[in-house]
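Step one of this worksheet: look at the structure below.
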Amino acid sequence: MPDSQLTPNWESVEFENRRLGNTNANLIAYGKFLNGDITYYVRNDGKLVKIENGNEMILCKDEVSYLNRYKNKILFRKDEDRNAYILNLEGNIVTPLLNDIKVGEMIVFDDYLFYVNYTDHSYLHRYNLITHRDQTIISKPCTSFALLKDKLLVLEKKKLNIVDLKTNKNIYKLTNVKSFSVDKFLYIYGSDKIIKSDLNFVKSKIEANHVSHFIAKTQNGLVYETNKGLIYKKGNNEKKLSNNNIVISAYEYNNNLYILEKKLPNSYS
C-alpha cells in the first residue's frame, strides 16, 4: 500500500463534480488505475470501465466517482443516488455497500472506508470492511478530509484538525484554512497565501501570495488562481495558463499538466 491515501482539495460546493479516486494513479491520470494487464478507470462521461486486451467493457453505466481499490474489489459511489457500491473484480458484480446511506467523499485506508455521511449531517464516518461496524469519527459537518499514514486531516468550518488515528485524539488544529492538499508535505490555503509545511509544523514557508483559489497540488507543482489569472508554479517559476471555464482541479501525467474544467480537460505540455 502506498504511504499516503490522498484526496483532491476542492471546496465542498464542488464535491459533486469530482471524478478522481484516492490512489496515486487516480490522482495523476484522471481516475485511471491499473490492475496487471487490465486498466480500470472512469471515463469523461463518468462511467466505470475496464480495458483488457484492447477491448473496453462498461462495468457501471451510471456516473460514478471516488474510486477506491481494496484487495480484489473496487469501491465507488454512484452520483445519481449518492450511495456507495462495491465491485468484485472476479465476477464484475456490483452490490450496494452501506444500506442506502448517502455519501460524499470516500477513501479506503487499510481495512476501513472513511466517508462523509450525508445522511448523518455530513459527519465523518469510518466503516470496517471486515466486521462491517460503522462509527462516527468526527461529529461535525466536514468540508474535506485526507489520510496520511496514521493521521487523519479534517477540514470543518475553516478549521483544519489533525487527528492521530491510533489514539483518536486531536493533535493539532489550524484556523482560517479554506482548503488543503497533502503529499509528503502539507499545503495550506488561507487568507491569500499557500503555505508549505511538514506535518509536525516545525518547518514552513510561503509558496504563493495573492491567491484567490487554490486549485491543486500536482505531481511537480501548484495550480492556483490570482488576480493575474490561472497560475502553474513549478519550483520558483510561475506560468500563466489560459482557461475558458470554471477550473475544477488539475493533475500531471507523462510530464503534461492537465486542467480539469466543467468540460473536457485541457493539456499543457
> Is the shortest heavy-atom distance from the side chain of N88 to the side chain of N72 under 4.5 Å?
Replying inline: yes
> Under 30°, 30 to 60°, or over 60°: which ring-plane class applies to Y127 and H132, parallel, tilted or perpendicular?
Replying inline: tilted
> Do I162 and K173 come close enough that some side-chain heavy atom pair is under 4.5 Å?
Replying inline: no
>> What's the separation between atom CG in L230 and atom NE2 in H213, rounded to the nearest 0.5 Å?
In response: 10.5 Å
> Think R126 forms a cation-pi with Y112, using NZ or CZ under 6.0 Å from the six-ring centre and within 45 degrees of its axis?
Replying inline: yes
> What distance separates N55 CG from N53 CG, expressed to the nearest 0.5 Å?
Replying inline: 6.5 Å
>> Quick one, I188 and I194 - any side-chain contact, counting heavy atoms below 4.5 Å?
In response: no
> Can D164 and Y172 be said to form a side chain to side chain donor-acceptor pair (under 3.5 Å), step by step?
Replying inline: CA-CA 9 Å; D164 189 327; Y172 211 91; over 6 Å; no
> Closest heavy-atom contact between L257 and A250?
Replying inline: CD1-CB, 4.4 Å
> Hey, mind stepping through N227 and H210 against side chain to side chain donor-acceptor pair (under 3.5 Å) and telling me if it holds?
Replying inline: CA-CA 7 Å; N227 55 5; H210 310 297; 5.9 Å; no
> Would you say I171 and V182 are hydrophobically clustered, going by side-chain heavy atoms of ILVMFWY under 4.5 Å?
Replying inline: yes
> In Å, rounded to the nearest 0.5 Å, how long is the span from CD of E63 to CZ of F76?
Replying inline: 13.0 Å
> Under a 4.5 Å side-chain heavy-atom rule over Ile, Leu, Val, Met, Phe, Trp and Tyr, are V116 and Y123 clustered together?
Replying inline: no
>> Would you compute the distance between atom OH of Y224 and atom CD of E207 and round it to the nearest 0.5 angstrom?
In response: 8.5 Å
> Can I195 and L186 be said to form a side-chain contact (heavy atoms from CB on, under 4.5 Å), step by step?
Replying inline: CA-CA 8 Å; I195 297 174; L186 175 62; over 6 Å; no
> What is the ring orientation for F185 with Y187, classed by angle as parallel under 30°, tilted 30 to 60°, or perpendicular over 60°?
Replying inline: perpendicular
> Below 4.5 Å, heavy atoms only, C-beta onward: do L67 and R69 meet side chain to side chain?
Replying inline: no
> Do L48 and I58 have side-chain heavy atoms sitting under 4.5 Å apart?
Replying inline: no
>> Apply side-chain contact (heavy atoms from CB on, under 4.5 Å) to residues L147 and L165 and explain how you reach the verdict.
In response: CA-CA 9 Å; L147 291 150; L165 288 174; 3.7 Å; yes
>> Are Y232 and I206 linked, directly or through intermediate hydrophobic residues, by side-chain heavy-atom contacts shorter than 4.5 Å (ILVMFWY only)?
In response: no
> Given K102 and D100, is the salt bridge (Lys or Arg N to Asp or Glu O under 4.0 Å) satisfied, shown in steps?
Replying inline: CA-CA 6 Å; K102 306 301 181 185; D100 203 33; 3.7 Å; yes
> CD of E56: more than 12 outside heavy atoms within 6.0 angstrom?
Replying inline: yes
> Taking the inter-plane angle between the rings of F114 and F145 on a 0 to 90° scale, is it parallel (under 30°), tilted (30 to 60°) or perpendicular (over 60°)?
Replying inline: tilted
> With a 4.5 Å limit on heavy-atom distance, are the side chains of L98 and V103 in contact?
Replying inline: yes
> When you look at Y70 and D111, which way does the side chain to side chain donor-acceptor pair (under 3.5 Å) test go after all the steps?
Replying inline: CA-CA 8 Å; Y70 176 67; D111 292 317; 2.8 Å; yes
>> Whether the side chain of S212 engages the backbone of E225 through a donor-acceptor N/O pair (distance < 3.5 Å, no angle test) should be reported.
In response: yes
> Between Y189 and V211, is there a donor-acceptor pair closer than 3.5 Å when you use the side chain of the first and the backbone of the second?
Replying inline: yes
>> Whether K78 and D62 form a salt bridge (side-chain N of Lys/Arg under 4.0 Å from carboxylate O of Asp/Glu) is what I want to check.
In response: yes
> Going through the distances and angles, do L155 and F180 end up as a side-chain contact (heavy atoms from CB on, under 4.5 Å)?
Replying inline: CA-CA 8 Å; L155 184 62; F180 71 96; 3.8 Å; yes
>> I'd like to know whether N117 forms a side chain to side chain donor-acceptor pair (under 3.5 Å) with S122, so could you lay out the CA-CA distance, the side-chain angles of the two residues, the decisive distance to 0.1 Å, and finally the verdict.
In response: CA-CA 5 Å; N117 189 327; S122 294; over 6 Å; no
>> Tell me whether L87 shares a hydrophobic cluster with M57, the cluster being built from Ile, Leu, Val, Met, Phe, Trp, Tyr side chains joined at under 4.5 Å.
In response: yes
> Around N99, counting heavy atoms of other residues, nucleotides and ligands shown, do more than 12 lie under 6.0 Å from its CG?
Replying inline: no
>> Looking at K73, I'd like to know if its NZ atom is crowded, meaning that more than 12 non-hydrogen atoms belonging to other residues, nucleotides or ligands lie closer than 6.0 Å.
In response: yes
>> Pair L241, K239 - check side-chain contact (heavy atoms from CB on, under 4.5 Å), show working.
In response: CA-CA 6 Å; L241 306 176; K239 179 181 179 181; 4.2 Å; yes
> So do I137 and L152 actually touch side chain to side chain, heavy atoms under 4.5 Å?
Replying inline: yes
>> Give me the atom names and distance for the closest heavy-atom approach of E156 to C142.
In response: CB-CA, 4.3 Å
>> Tell me if a side-chain donor or acceptor on T218 pairs with a main-chain N or O of G221 at a distance below 3.5 Å.
In response: yes
>> With rounding to the nearest 0.5 angstrom, report the CG to CG distance, L153 to L160.
In response: 5.5 Å
> Would L97 end up clustered with I101 when hydrophobic side chains under 4.5 Å apart are linked, directly or stepwise?
Replying inline: yes
>> For the NZ atom of K158 and the CG atom of N176, what is their distance to the nearest 0.5 Å?
In response: 6.5 Å
> Hey, does the side chain of T226 reach the backbone of K228 with a donor-acceptor pair shorter than 3.5 angstrom?
Replying inline: yes
> Mind checking whether M106 and L75 have side chains closer than 4.5 Å, heavy atoms only?
Replying inline: yes
>> For E238, is there an ion pair with K240 - N to carboxylate O distance below 4.0 angstrom?
In response: no
